[in-house]
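Below is one structure, written out as structure tokens; the observations come after it.
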Amino acid sequence: MESVTVVLALLLSVLVSGALGRLLPLPLPLIQIVIGVALALGPLPSTSLDPEIFFLVFLPPLLFLDGWRIPKRDLFRDGKAVLALALGLVVLTVLGIGTLIHGMIPGIPLAVAFALAAVLSPTDPIAVSSVAAQAPVPRRLMHILEGEALLNDATGLVCLRFAIAAALTGTFSLPEAATTFVWLALGGLGIGALTTFLLMGAQDLLRRRTGEDPGLQILFSLLTPFGAYLAAEHVHASGILAAVAAGIAMTYVEIQGRSLGTTRVRRTAVWDTVALAANGSIFVLLGEQLPEVFGHAVKQADVQGAGWLVAWILVITAGLMAIRFVWVWVSLQFTLVKARRRGDKREGPTWRLVAATTLAGVKGAITLAGILTLPLTLKDGTPFPARDLAILLAMGVILTSLVLASTVLPPLLRGLHLPPEPSHDAEEDAARAAARDDAVKAIEALQHRLVEEQEDASIAVEAGARAMDRYEGIEAPTSERRKDLSRARQLANTEKRLRLAGIEAERQALYRLRRSQVIDDVLLRRLVREIDLIEARLVI
């Protein structure tokens, strides 16, 4: 009963924080952390987190969803920049910050220091989006940050695994670590993709035999990341990389277009809710664990007062930002040199761009989830060295990075321009025209068959004309039509607003009729669903 109470309290906290986030000019993660502290100081029992369960429950679905939804073409386009941040920067961060932590705090063993540095290397795009809500991150920069977060989550957590193994055994072999890393990476990626294809194949077989049940299809997608994670961990591969690979593979399953539109609409809503609850719960748990961890950390640090702890947190945060700033600057310079050799003259990066990219490396849910997975004890049963101190330092860096980003990042982002991205207008027009042509051909073919089958051919003719209404005016764009596209899109946006206003009035009229008992619940639900689907199509 106590566990159920804690889960309900977490979900209620996420709900309250979401409402407060819309009312207060503060980033959502900070509000959730404050609520977590309030829970810890309130009447609820303290939460004891099992690291393995925490890792299994929270990380697979979040990483799976990131891999599924990240724009693949943009990821591949900026692949070099993403890999530089996700691989090179992570390794440099682990070595540099790990050495800094061990030298600054001798009470933290070197292996534990590297473990702490490993979990501090991943970034959190959700936290970035939250703190940058008042000044949205430029699209291309956000895509790079999302790609970095997707890959450095896996890289950082794999490094964490090595560091924990070294702390538990007291030994570290570079050749053995390299071999293990290859298996962790290749095994995890392969098992993750294979799990998705197998589960989705079973789902497709079931659909062909029994028809499509949206609830079952959604359940398949929810179980996929956990299946990939557990399968990879069972053979000692990386469950984290398996979850990421499963999400990426899900994109290529989805583009086969076998699911019903209703299933996709419902599935999107379910996954949005799962992501909201998981991310919010992690930050609430951060705040809930903070008071207890702080008390234990002070004892482990063996220092007088909390001033030293604050100083250590600030030094670690400064070190992380300094390494990131230098790495971003050097990476951009190399990119410019290569571009100039190809004859492509580009302007050098401004300090604002480098600073914004540096501050956008906010730490969040993955860092907290990773640090909480530190074992409670060593193999001989003794407490894991400096565990609470490492957790407190990680929490402190998360809070500091959030505060800095929420106060400094919005001014930096205002007016910041990246190199222009190619326009997708022509691509969109061509896609619409191709879809229109195939739709018209399919309608005409079916109409001809119906004319031959039905006694009254006029019914098929009239129905075909109505079905064609949607595709009137959609044709391959010409050079003259493209000149009027700006006005056409403004007209479309205005029409969209008018139609949405009409849809809302239509829906409220139905509710009013139900309150007056003019219609029953069954008819109300059917008519409202029709309106909701039309609205969903308009707002996509």
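All values reported here derive from a predicted model rather than from experimental measurement.
- In terms of the salt bridge (charged side-chain N to carboxylate O under 4.0 Å, His left out) criterion, residue partners of R207 (sequence neighbours excluded) are, by chain and number, D204, E212.
- Sequence neighbours left out, the pairs with a member in residues 233-250 that pass salt bridge (Lys or Arg N to Asp or Glu O under 4.0 Å) are R161-E233.
- Contacts classified as side chain to side chain donor-acceptor pair (under 3.5 Å) and involving residues 11-38 (residues at least two apart or in different chains) are given here: S17-Q32.
- Contact detail for L189 and A245: the closest heavy-atom pair is O-CB, 3.3 Å.
- Every residue two or more places apart in sequence or in another chain that forms a side chain to side chain contact (heavy atoms under 4.5 Å, CB included) with V91 is listed here: L95.
- For residues 391-401, the set of pairs meeting the side chain to side chain donor-acceptor pair (under 3.5 Å) definition, not counting sequence neighbours, is empty.
- Remark: D213 pairs with no residue by the salt bridge (charged side-chain N to carboxylate O under 4.0 Å, His left out) rule, at least two apart or across chains.
- Every residue meeting the side chain to side chain contact (heavy atoms under 4.5 Å, CB included) condition with L205, not counting sequence neighbours, appears here in chain and number order: R208, R209.
- A 4.5 Å side-chain heavy-atom check between L230 and L56 finds at least one atom pair inside the cut-off.
- Between T195 and A231, the shortest heavy-atom contact is OG1-CB, 4.4 Å.
- Applying the ring-ring contact (aromatic ring centres under 6.0 Å, His included) test to F58 and every residue at least two apart in sequence or in another chain returns F54.
- V328 meets the side chain to side chain contact (heavy atoms under 4.5 Å, CB included) test with L85, R324, L332, V354, T357; sequence neighbours excluded.
- Rounded to the nearest 0.5 angstrom, I33 CD1 and L285 CG are separated by 11.0 Å.
- The distance from the CH2 atom of W327 to the CD1 atom of I323 is 10.5 Å, given to the nearest 0.5 Å.
- Legend: residues meeting salt bridge (charged side-chain N to carboxylate O under 4.0 Å, His left out) with R525, ordered by chain and number and at least two apart, are absent.
- Atom CZ of residue R264 and atom CD1 of residue I218 lie 12.0 Å apart, to the nearest 0.5 angstrom.
- T317 places a side-chain heavy atom less than 4.5 Å from the side chain of L404.
- Between V94 and A118, the shortest heavy-atom distance links the atoms CG2-CA, 3.7 Å.
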message: For F64 and T224: C-alpha separation, side-chain torsions, deciding distance, then whether side chain to side chain contact (heavy atoms under 4.5 Å, CB included) applies.
response: CA-CA 9 Å; F64 175 82; T224 298; 3.8 Å; yes
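- With values rounded to the nearest 0.5 angstrom, T358 atom OG1 is found 8.0 Å from M321 atom CE.
- Put simply, CG on L402 and CD1 on I398 are 7.5 Å apart, with the number rounded to the nearest 0.5 Å.
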- prompt: Given the rule in the side chain to side chain contact (heavy atoms under 4.5 Å, CB included) test, do L116 and V112 qualify, once you have shown the distances and angles that lead to the verdict?
  reply: CA-CA 6 Å; L116 175 56; V112 179; 5.6 Å; no
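- With contacts defined as side-chain heavy-atom distances shorter than 4.5 Å, the pair P61/L222 does not qualify.
- Side-chain contact check for L374 versus V119: every heavy-atom pair is 4.5 Å or farther apart.
- Scanning all heavy atoms of the two residues, the minimum distance from P122 to G156 falls at CG-CA, 4.4 Å.
- Minimum interatomic distance between P60 and F226 (heavy atoms only, all atoms of both residues): CB-CD2, 4.3 Å.
- Nearest heavy atoms, A185 versus L241: CA-CD1, 3.4 Å.
- Within the structure, salt bridge (Lys or Arg N to Asp or Glu O under 4.0 Å) contacts touching residues 10-20 (residues at least two apart or in different chains) do not occur.
- Of the inter-residue distances, the one linking L120 atom CG with T367 atom OG1 reads 6.0 Å to the nearest 0.5 angstrom.
- Between W68 and I248, every side-chain heavy-atom pair lies at or beyond the 4.5 Å cut-off.
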- request: I would like to know whether I391 and R387 meet side chain to side chain contact (heavy atoms under 4.5 Å, CB included); could you show each step before the answer?
  value: CA-CA 6 Å; I391 293 175; R387 182 178 187 273; 3.5 Å; yes
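- Between I31 and V16, every side-chain heavy-atom pair lies at or beyond the 4.5 Å cut-off.
- Side chains of L184 and H236 form no contact here, defined as non-hydrogen atoms less than 4.5 Å apart.
- In this structure, the side chains of E148 and L89 come closer than 4.5 Å at one or more pairs of heavy atoms.
- Considering R526, R507, R266 as possible partners of D532, the one that fulfils the salt bridge (charged side-chain N to carboxylate O under 4.0 Å, His left out) test is R507.
- Take L223 and apply the side chain to side chain contact (heavy atoms under 4.5 Å, CB included) test, not counting sequence neighbours, and it matches L219.
- At a threshold of 4.0 Å, the pair R267-E254 counts as salt-bridged, since one of the basic side-chain nitrogens sits closer than that to a carboxylate oxygen.
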query: When you look at I240 and Y229, which way does the side chain to side chain contact (heavy atoms under 4.5 Å, CB included) test go after all the steps?
result: CA-CA 7 Å; I240 296 303; Y229 179 88; 4.1 Å; yes
